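All values reported here derive from a predicted model rather than from experimental measurement. By convention in this document, chain letters (A, B, ...) are assigned in the order of the sequence lines, proteins followed by strands, and residues within each chain are numbered from 1.
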Amino acid sequence: MSFRQKHLLGIEPLRSEEITTILDLADRYAEMERGTRKHGDALTGLTQINMFFEASTRTQASFEIAGKRLGADVMNMAMAASSLKKGETLIDTALTLNAMHPDLLVVRHPHSGAVNLLAEKVNCAVLNAGDGRHEHPTQALLDALTIRRAKGRLHRLNIAICGDIAHSRVARSNILLLGKLENRIRLIGPPTLMPSGVAEWGVEVYDNMAEGLEGCDVVMMLRLQKERMDGAFIPSEREYYHRFGLDAEKLGAAKEDAIVMHPGPMNRGVEIDGTLADDINRSVIQEQVEMGVAVRMAAMDLLARNLRASRTPEGVMA
Amino acid sequence: MTNALYRNARLIDPEAQTETHGWLRIENGVIAEIGDGDRAGGVNCGGLCLAPGIVDLGVKVGEPGERHKESFRTAGAAAAAGGVTTIVTRPDTTTPIDTPEVLDFVRRRGQEAAAVRFRPMAALTKGRAGREMTEIGFLLDAGAVAFTDGDRVVSDTKVFSRCMSYARSVGALIVGHPQDPGLSEGAAVTSGKFASLRGLPAVSPMAERMGLERDLALVQMTDARYHADQISTAAALPALARAKAEGLDVTAGVSIHHLTLNELDVADYRTFFKIKPPLRAETDRIAMIDAVRDGLIDVICSMHTPQDEESKRLPFEAAASGAVGLETLLPAALRLYHAEQLTLPVLFRAMALNPARRLGLPGGRLGVGAPADLVLFDPDVPFVLDRATLRSKSKNTPFDGQRMQGRVETTLVGGNIVYSRGAS
């Protein structure tokens, strides 16, 4: 067993063995979930708090189900609606919660680095469920698991990530993870949606779908936020769809068995064609959601083991 | 004790650009005589450095409005302990210093509470809102040494050009903040690989060049006297060099933080490293050091900006900008000396002589007839900075826990000892 982290704040601090450890365990949980007995006891007796400072349906539900399947006592706090409005600072909120002795804290926050800040102030395991434009590690892990299951490996693949890279924490975590495991990464999108300094990331950058998708094994589409569509970053929704929306024709440039991914929620007809998204031969979008629960079970299980070990007198992991 | 003799000292003369072993005699608060070698009597400096006191251009004191962050008393104590003998204060207080009445209040407070000399700058536009000019003439009469809206750029070029024209007619100096307001809006760090990996809103270094080019064009148009508060990027330097070559009345400064730190120091969202303009690439830092050595950049300042814990203990984007610097300016500058990048006379030219000259102040030099504003320091003593020991009310220093070299022994203002290490 090789996983020494106290928190899961991002992909950046993880070693590739640690990533593989999470994925291997998640694979087992994925099989368990498909069986008749969905429940385990890895988190029995532990308290998991989901703190979402930004609205989320899918990620929050996924973390909640993952915790409940492993026996944790799960509590959801919609922070956007509560203390922030009363002027409480993030650190005060963290200290208040910490006094209630949670074991696992799942946090989403609109500011990059906010989850790191919070993790410094509490003595439980913290999982980053997305912070600003920084990282969204469980999304990258579930994407990696989905790719590994579909392709049979997670190295030496040509992987294209398309769309709004600049504002996407999903893209950052994926680039870090897939890079650590030695894949070839291409970023495709208009230059207004590319982060600065992207040329130094060890990736290839394209502003043309046909060229960028040439020979790809995996095509990951990103969500384009509504507020970025009209004139600010791209001229219009329809021009974006014409040039960067994934449809069967553009996908023709990729390998014949290339898979199509999307972190959801999708804008059908903006970044992806609806029929293609539903094509069970190409799209693995539903499988991504399924793997999301498995990966979160695995991540919380591993963090809980380290947490328990740190609380016993011997306190040393095997 | 305004008559004294300091002997056996290493005299740092920024005017002559020399370091000599000698002595210095003070009479009635003024330097009366300077000589080589040694002589009897007086204070034995033990071979330590004696230099003109630092003139720090652009210090934020929290009066009026934010006295919980810094008062004139604490800023004065910090300055004295840091070898700063004149603080030139910024008008970007919560109640901006934009009328002669507010300026008068500030002057009175400064004179009664600060241990060192202080000269105020006043706002260039009312409320620092960038729309109407302040009473530049009255403010000048009331003692303002320069006019600035701090880090708020006057984005309306018509307003700014009129301010410049009017200021020129009364001989007032304008201190600008070269930055394109559109590109830099909301930015917390400099754009590039690091900013993108951290997912932080960023500004291209080109925004500084754009702001400077604009300001310099207006200077050329109006013949105003202009000082750029902080130049921090290599891309801005050619424009500055061109303006100086054309004979425009232009000078520029750089903060000590941009000379000693770079963007990577932010690391995992350390908000004490959030300053304005943001920390730059290492290549920019080196270019700034070279520009100070060549004299292209005239002034090194601390950009002392006190912020309380609450405004820094936030996610990086939401945290306040700025760092305190009065007490760390000299030890940080000595890093450049120990790295053999800048000599002591060059450092004191930028920290004392040039700012004093630019503002028309008598200090900043080691010459007969100059006020005896002096700092005696040991450039070599190593220490680890503990921010709790700072005299500033706010402790937001990026150098906390870092190894520094150089310690102030004594600070004199007008021949009077305002700080003595043994006594504090």
Side-chain angles (χ1 to χ4, degrees), chain A residues 7 9-13 53-54 84 87-95 107-121 128 130-137 164-176 179 187 193-203 205 232, chain B residues 180 182-209 233 235 262-274 277-284 307-321 396 400-401:
Chain A
H7 307 295
L9 300 178
I11 299 297
E12 198 184 358
F53 292 90
E54 212 177 58
L84 276 191
E88 190 175 53
T89 66
L90 179 61
I91 288 179
D92 285 334
T93 308
L95 294 177
V107 187
R108 169 171 286 189
H109 197 282
H111 285 142
S112 303
V115 183
N116 299 53
L117 178 67
L118 204 138
E120 287 170 18
K121 308 291 173 188
N128 183 357
D131 62 326
R133 310 174 191 175
H134 178 219
E135 283 227 44
H136 190 352
D164 184 1
I165 316 281
H167 301 98
S168 174
R169 53 196 174 211
V170 175
R172 274 171 187 68
S173 289
N174 264 315
I175 292 166
L176 288 166
L187 306 181
L193 296 177
M194 281 291 163
S196 64
V198 70
E200 300 167 55
W201 285 13
V203 296
V205 182
Chain B
D180 181 78
L183 276 180
S184 61
E185 197 196 336
V189 288
T190 305
S191 63
K193 182 185 177 189
F194 176 78
S196 293
L197 280 176
R198 286 288 177 275
L200 291 170
V203 58
S204 163
M206 210 50 85
E208 181 172 291
R209 176 187 146 187
T233 59
N262 70 29
E263 58 184 350
L264 300 181
D265 285 305
V266 169
D268 280 327
Y269 305 101
R270 297 195 290 176
T271 57
F272 281 11
F273 291 80
K274 183 179 180 184
L279 288 171
R280 306 301 193 178
E282 177 65 4
T283 48
D284 286 316
Q307 298 289 4
D308 56 16
E309 301 289 300
E310 292 314 318
S311 43
K312 284 287 188 184
R313 283 175 36 161
L314 293 169
F316 198 86
E317 283 166 66
S321 303
N396 54 311
D400 185 42

Inset, instruction - Show your reasoning for whether side chain to side chain contact (heavy atoms under 4.5 Å, CB included) applies to Ser112(A) and Tyr269(B). - result: CA-CA 8 Å; Ser112(A) 303; Tyr269(B) 305 101; 4.0 Å; yes
Inset, instruction - Output the option from Gly197(A), Ser196(A), Ala199(A), Gly132(A) having the highest count of non-hydrogen pairs under 4.5 Å with chain B. - result: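 Sorted descending by pairs with chain B, the first entry is Ser196(A).
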Inset, instruction - Tell me, out of Asp131(A), Leu117(A), Val115(A), Leu9(A), who's got the most heavy-atom pairs with chain B below 4.5 Å. - result: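 Highest number of heavy-atom pairs under 4.5 Å: Leu117(A).
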Legend entry - Leu314(B) side, atom CG; Leu90(A) side, atom CG - distance, nearest 0.5 Å: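 Reported to 0.5 Å precision, the distance equals 8.0 Å.
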Inset, instruction - Working to the nearest 0.5 Å, report the span between CD of Glu200(A) and OG of Ser196(B). - result: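 Output value for this atom pair is 9.0 Å.
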Inset, instruction - Could you list the residues that satisfy salt bridge (Lys or Arg N to Asp or Glu O under 4.0 Å) with Glu208(B), not counting sequence neighbours? - result: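 Testing Glu208(B) for salt bridge (Lys or Arg N to Asp or Glu O under 4.0 Å), a comparison that skips the adjacent residues, returns Arg280(B).
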Legend entry - Greater than 12 external heavy atoms within 6.0 Å of Glu282(B)'s CD: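 Above 12, so yes.
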Inset, instruction - If a pair satisfies salt bridge (Lys or Arg N to Asp or Glu O under 4.0 Å) and one of its residues is in residues 194-206 of chain B, list it, with sequence neighbours excluded. - result: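 Passing the test, one end in residues 194-206 of chain B: Glu12(A)-Arg198(B), Arg198(B)-Asp268(B).
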Legend entry - Close side-chain approach of Phe316(B) to His111(A), heavy-atom, < 4.5 Å: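 Sidechains of His111(A) and Phe316(B): no contact.
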Legend entry - Residue selection (most heavy-atom pairs with chain A, distance under 4.5 Å) from Pro201(B), Ala202(B), Pro315(B), Ser204(B):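 Of the options given, most contacts go to Pro315(B).
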Legend entry - Nearest heavy-atom neighbours spanning Leu197(B) and Arg172(A):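 Leu197(B) and Arg172(A) have their closest heavy atoms at O-CD, 4.0 Å.
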